[in-house]
Amino acid sequence: MAHTEINGNGKRKTRKGLGLDRKQSSPMMPTFMVSAPGKVIVFGEHAVVHGKAAIAASISLRSYLLVTALSKSRRTISLRFPDINLSHTWNIDDLPWGAFSTPGKKKYYYDLVTSLDPELVAAMEPHLEDVSPDLPDDIRKIHQNSARCFLYLLLSLGSPSFPGSLYTLRSTIPIGGGLGSSASIAVCLAGALLLQIRTLSGPHPDQPAEESRLQIERINRWAFVGEMCIHGNPSGVDNTVASQGKGVIFQRTDYAKPPKVQPLWNFPELPLLLVNTKQSRSTAAEVAKVGALKKKHPMITESILNAIDKVSEGATQLMGSDRFDPEDPECIKDLGELMTINHGLLVSLGVSHPRLERIRELVDHEGIGWTKLTGAGGGGCAITLLKPDVPQDQMKRLERRLDEEGYGKFETTLGCDGIGVLWPAVLKNGIEDDLGGEEIDQDKFLNAEGIEGVEELVGVHGDNGDREAWKFWRVED
Ligand SMILES: Nc1ncnc2c1ncn2[C@@H]1O[C@H](COP(=O)(O)OP(=O)(O)O)[C@@H](O)[C@H]1O
Ligand SMILES: C[C@@](O)(CCOP(=O)(O)O)CC(=O)O
């Protein structure tokens with residue numbers, strides 16, 4: 001049963017006899033889902049801080065958002081985000097619609113918004129005060145960030161006649177590990193709201209790439225607004241990768257401005273092992289370390305950064321060349337070697353960590369792929385490009401060691417689809433004689449156990465490959 005207790009600052013307007021709790025009648029829309037991927041930096045982290053280009057790509061870890069329209073009489077908006085234990089409901093009629101619709105403030109779905117409006121943020125704040133009031137401040141902040149992201153988007157895109165809705169979100173992306181979890185949820189929320197106000201066309205299979213890219217750009221722009229609510233000053237890379245999927249090259253020539261982001265629409269799908277050290281780290285501290293090194297040894301550091309730049313350039317050329325075939329072991333080897341070199345250069349910059357080196361050692365010992373740290377380093381995650389056809393026993397042995405030593409391990413794919421839509425939320429689960437399909441409701445979604453349970457229930461990839469009911473805006477050249 002949908003959860004709609006009001007815990008916001010709205011008064012619950014229930015009157016006896018209204019039958020508000022009866023089964024929903026004629027919902028305005030079918031229950032639907034959207035999903036968006038996380039990301040890793042594949043080449044060029046840190047060098048990008050010093051003006052060089054870097055490459056980021058989507059991964060198959062994803063967030064999934066189920067949107068349930070309530071019956072007309074239920075005028076509430078509820079968030080149910082169990083990954084962070086957030087559950088909150090607002091009364092639609094109590095929200096500050098007026099502030100967001102005054103002349104000069106009103107934004108439309110096609111607008112480009114590059115900064116948050118402080119007056120609108122202030123108008124929203126009283127409605128965030130009642131989010132998880134009894135929890136410790138650090139947890140409350142996480143809850144309020146996610147709620148702020150949603151509310152700013154709802155108030156910007158919606159209107160007082162917005163239908164009562166329930167948003168249930170689950171993600172398979174570790175939170176705060178540099179894998180773009182916040183961007184992934186921002187893309188889901190922006191995509192869902194744009195679909196609810198019926199401003200997107202498709203996705204459908206015969207949609208031209210140009211039209212698909214326009215829809216994705218619309219989602220991406222609003223996802224960036226959502227990211228600003230969580231992060232203040234995001235680079236825009238994570239939300240771009242999460243909306244359009246595949247890969248991007250990004251470069252910052254002026255660090256005060258967002259980077260230039262060039263899509264790699266044909267970035268190949270590659271098998272990737274992602275290992276989380278579970279060692280917390282601060283991006284700012286790692287960036288500062290490289291800054292200090294550059295001050296002390298300007299020539300040496302600059303040549304390391306230049307070498308990283310050459311590696312990124314080489315990888316772009318390799319993956320973009322006609323001869324690159326992701327099924328060809330030689331091509332994978334060439335790309336893997338570039339990852340190994342990139343990691344070595346990052347080690348020389350001083351941003352690795354013994355736990356990252358241990359992952360590399362264990363993988364190298366089995367000889368099953370090429371490993372580098374990803375993101376800021378100093379902890380966080382490592383990625384390994386896997387050799388084709390790694391023997392099961394070797395993989396199992398590595399998994400056991402990683403597990404024993406307290407690492408988190410995900411077998412993922414690099415270069416996946418961006419935002420996907422499951423409309424209505426019905427899946428066939430790849431069973432041929434399953435004609436009816438399985439309807440996903442909130443209970444099933446909430447009860448799916450762990451990452452495996454979520455992927456098994458609603459994953460964009462089933463055991464038998466892609467699940468066709470999930471639709472994507474096709475962007476390839
Ligand atoms: N699954 C989720 N459910 C709800 N909120 C989430 C989820 N994943 C991320 N967030 C929001 O994004 C924030 C994480 O952002 P950040 O620390 O930058 O991590 P990341 O590097 O993974 O993006 C969380 O504090 C939370 O507000
Ligand atoms: C080190 C750096 O290049 C990447 C940091 O990545 P992350 O915070 O680990 O996602 C910093 C940056 O680009 O802002």
Side-chain angles (χ1 to χ4, degrees), residues 35-56 59 61-65 79-88 128 131-132 138-150 167-189 223 226-239 241-242 250-252 255 258-259 261 276-277 279-291 305 308 312 342 346 349-353 356 373-383 451 454:
S35 168
K39 71 102 213 326
V40 289
I41 299 181
V42 196
F43 293 103
E45 50 275 89
H46 286 287
V48 72
V49 177
H50 302 271
K52 321 290 182 202
I55 302 176
I59 49 176
L61 302 180
R62 305 180 70 95
S63 298
Y64 293 88
L65 175 70
L79 301 184
R80 193 83 192 266
F81 293 177
D83 300 333
I84 58 168
N85 279 323
L86 166 65
S87 192
H88 193 80
L128 295 169
V131 172
S132 313
D138 50 342
I139 297 176
R140 208 167 158 230
K141 216 171 160 171
I142 293 173
H143 287 197
Q144 285 179 326
N145 280 346
S146 298
R148 183 177 295 108
C149 167
F150 171 80
Y167 300 84
T168 311
L169 180 109
R170 295 195 64 183
S171 182
T172 66
I173 308 167
I175 299 175
L179 301 177
S181 71
S182 60
S184 165
I185 72 153
V187 169
C188 286
L189 294 170
E227 267 274 80
M228 283 193 282
C229 294
I230 299 178
H231 276 294
N233 188 19
S235 71
V237 169
D238 289 10
N239 52 281
V241 176
F250 62 106
Q251 189 165 22
R252 279 170 172 143
Y255 205 66
V261 183
N276 188 353
T277 59
Q279 172 73 43
S280 70
R281 50 93 178 100
S282 146
T283 299
E286 299 306 313
V287 168
K289 254 192 222 170
V290 178
L305 295 171
I308 294 180
S312 304
N342 195 158
L346 287 163
L349 289 177
V351 294
S352 191
H353 183 276
L356 286 165
L373 69 84
T374 180
C381 295
I383 52 175
I451 292 181
V454 170

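Just so it is clear, the model here is predicted, and its values are computed rather than measured. Heavy atoms only: backbone and side chains are in, while hydrogens, waters and symmetry mates are out. Whatever order the structure lists ligands and atoms in, that order sets their numbers, starting from 1.
Between the side chains of R140 and S132, no donor N or O sits under 3.5 Å from an acceptor N or O. Side-chain polar atoms of H231 and S182 form a donor-acceptor pair below 3.5 angstrom.
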Quiz item: Can you list the steps and then say if V131 with L86 is a side chain to side chain contact (heavy atoms under 4.5 Å, CB included)?
Solution: CA-CA 8 Å; V131 172; L86 166 65; 3.8 Å; yes

Quiz item: Does the pair T374 and V42 meet the rule for a side chain to side chain contact (heavy atoms under 4.5 Å, CB included), with working shown?
Solution: CA-CA 7 Å; T374 180; V42 196; over 6 Å; no

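Close approach to S171 involves these atoms of ligand 1, each under 4.0 Å from a residue heavy atom: 1 (N). The F81 neighbourhood of ligand 1 comprises atoms 4 (C), with distances under 4.0 Å to a heavy atom of that residue. Interface of N145 with ligand 1, defined as ligand atoms under 4.0 Å from a residue heavy atom, comprises 27 (O). The distance from ligand 1 to the heavy atoms of G177 drops below 4.0 Å at these ligand atoms: 22 (O). Every atom of ligand 1 with a heavy atom of D83 under 4.0 Å away is listed here by number and element: 1 (N), 2 (C).
For ligand 2, the protein residues placed under 4.0 Å by at least one non-hydrogen atom are K39, I41, E45, H46, V48, V49, G178, R252, Y255, R281, T283, V287, G375, A376.
Going from atom CG of L349 over to atom CG of L305 covers 5.5 Å, rounded to the nearest 0.5 Å. We find the CD-OG distance between E45 and S312 to be 8.0 Å, quoted to the nearest 0.5 Å.
Atom 4 (C) of ligand 1 has its closest protein heavy atom at I84 CD1, 3.5 Å. For atom 21 (O) of ligand 1, the nearest non-hydrogen atom of the protein is G178 N, 3.3 Å. In terms of protein heavy-atom proximity, atom 12 (O) of ligand 1 is closest to S182 CB, 3.2 Å. The protein heavy-atom contact nearest to atom 20 (P) of ligand 1 is S181 OG, 3.4 Å. Atom 27 (O) of ligand 1 has its closest protein heavy atom at S146 OG, 2.8 Å.
Using modelled atom types, one side-chain atom of Q144 and one backbone atom of L128 make a donor-acceptor pair closer than 3.5 Å. S87 places no side-chain N or O within 3.5 Å of a backbone atom of R80 that could act as its donor or acceptor partner. A side-chain donor-acceptor contact under 3.5 Å links T277 to the backbone of G380.
Between G176 and ligand 1, an N or O atom pair is found at a separation short of 3.5 Å. The shortest N/O to N/O separation between H231 and ligand 1 falls below 3.5 Å. Of the polar atoms of I142, at least one N or O is found under 3.5 Å from an N or O of ligand 1, judged by distance alone. Checked by distance only, ligand 1 and I185 stay at 3.5 Å or farther apart across all their nitrogen or oxygen atoms.
Among D138, I173, L169, the residue whose heavy atom lies nearest to atom 2 (C) of ligand 1 is L169.
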